[in-house]
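Everything on this sheet refers to the single structure shown next.
In this chain, residues are counted from 1 in sequence order. On a predicted model such as this, the values are computed, not experimentally measured, just so you know. These values consider heavy atoms only, across backbone and side chains, with no hydrogens, waters or symmetry-generated copies.
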Amino acid sequence: MTTTIHKIPWLWRLVLALVVSSLLFIMISIFSRFREPPKFNLLLNTLLLAMVFVSLELVRWVQRSMLNRTKGDISIKRQALVFTYSVLLGTLGYTLLFYFFKWLDHLVFYSEPPMLQHMISAALIGLILCVIFGLFFLLLHWKDRYYSSYIRNEAFKKEITTANLHMLRNQLDPHFMFNNFNTLYYLIDEDKVLAKRFLNNVSGIYRHVLQNTRDHLIPVAEEFKVVKQYLEVLKERYGNGLVISDSVVEEHLQGKYIPPLVLQEIIENVFKHNQINEQHPISIQFLSKTGSLKIQNTVRPKPKPTSHNTGLQNVIRRYDLLTDAIVVVDVSDNRFSVTIPLIEQIHEH
């Protein structure tokens, strides 16, 4: 990457030179030790402005030329060298221009000819001006380097986030299908009609997912509607062994988003870890607040659970990549709950 000086329109550079030259004129008028302090004259003051502007352009040209020949980041030593060269050349330019300016002032307005004290004064003033200009442009260069680096880092983070989200999504999709095929396997023997309904419901869920295959977030209201249909089919299988309670306020879901398959993954987690029968039913309750949705269930752990919580970890990691809001998991002896954040708007992807 080539490092360059910030591009400032020439008109703004001229304004900067005008401000500095005006301050210079005031300074000379107040602190001058010459026999005749400078008086305002349109021609001479215009020439003074031109001298300051040329000095500014010299400083800028030197810094831009030297920095453009440097690839990538440059060291502090190199930047100090660029600053020094630009200031020296700018000061030299101002001093030479002042020499001719003073001769013109002498010939036209009969002031003193250029003398040693004039040239020393001009060199000191030129040095002050060029130090100001040099620092100004160098600060702009540092600012541009910082923001360029920041933008590159943010772009890199976004690429990593997108890659990780795709990886997690690819892990979750076959995991979701495997669990549902496993459920379907048992339903075929138990109730073929229910198995058909279950298969139709799962196909609807997956169709919903495929329609949003490029999105990292989908409307929570749509996802919630699908998961309730999914649970209704499972309730027919488990009968009174499964109790579903919906205390969700619809207004809490409006305009909010969640990652795809999050609710299905949480519900599947309930069935993977718990025994479900009519003697000891499992209840699943949905509760909402502004900005969050809570899924909680009673606990009847299986003697030998086969799951390693990879699905729930997947959900947490996807949220970590998408938002600063965290997934809250609360575990007690008789209750398990997962509270997921509801995201305000779809992030760019």
Consider only side-chain heavy atoms of I, L, V, M, F, W and Y, link residues closer than 4.5 Å, and tell whether [X] and [Y] are in one cluster.
X	Y	result
Leu287	Ile284	no
Leu88	Leu127	no
Leu92	Met51	no
Ile326	Val329	no
Leu124	Leu96	no

Let me confirm one number: the [atom1]-[atom2] distance from [X] to [Y], rounded to the nearest 0.5 Å.
X	Y	atom1	atom2	answer
Ile244	Lys228	CD1	NZ	10.0 Å
Ile218	Ile258	CD1	CD1	6.0 Å
Tyr94	Ile128	OH	CD1	10.0 Å
Gln285	Lys294	CD	NZ	8.5 Å
Ile125	Cys130	CD1	SG	11.5 Å
Leu263	Glu223	CG	CD	5.0 Å

Student check: side-chain heavy atoms of [X] and [Y] closer than 4.5 Å:
X	Y	value
Leu129	Val52	yes
Phe137	Val62	no
Ile276	Pro281	no
Lys143	Leu140	yes
Phe133	Leu58	no
Ser245	Phe286	no
Arg78	Leu81	yes

Short side-chain to backbone donor-acceptor contact, [X] and [Y], under 3.5 Å:
X	Y	answer
Tyr319	Pro341	yes
Lys256	Glu251	no
Ser86	Phe83	yes
Asn274	Arg300	yes
Gln63	Gly134	yes

For residues [X] and [Y], report the shortest heavy-atom separation together with the two atoms involved.
X	Y	result
Glu278	Asn240	OE2-N, 3.6 Å
Arg335	Gln296	NH1-NE2, 3.6 Å
Lys289	Leu342	O-CD1, 4.5 Å
Phe271	Lys302	O-NZ, 3.2 Å
Phe336	Val299	N-CG2, 3.7 Å
Pro301	Gln275	O-NE2, 3.0 Å

* Structure fact -> The side-chain contact (heavy atoms from CB on, under 4.5 Å) partner of Val87 among Leu89, Thr84, Thr91 is Thr91
* Among Val338, Val327, Asn297, which residue meets the side-chain contact (heavy atoms from CB on, under 4.5 Å) test with Ile266? -> Val338
* Asked: Parallel under 30°, tilted from 30 to 60°, perpendicular over 60°: which one fits the rings of Phe101 and Phe98?
  -> tilted
* To do: Return yes when atom OH of Tyr85 has more than 12 non-hydrogen atoms of other residues, nucleotides or ligands closer than 6.0 Å, and no otherwise.
  =>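 Atom OH in Tyr85 is not packed in, count stays at 12 or less.
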* Asked: What do the steps show when you test Val248 against Leu293 for side-chain contact (heavy atoms from CB on, under 4.5 Å), and what is the final call?
  -> CA-CA 8 Å; Val248 172; Leu293 178 64; 3.7 Å; yes
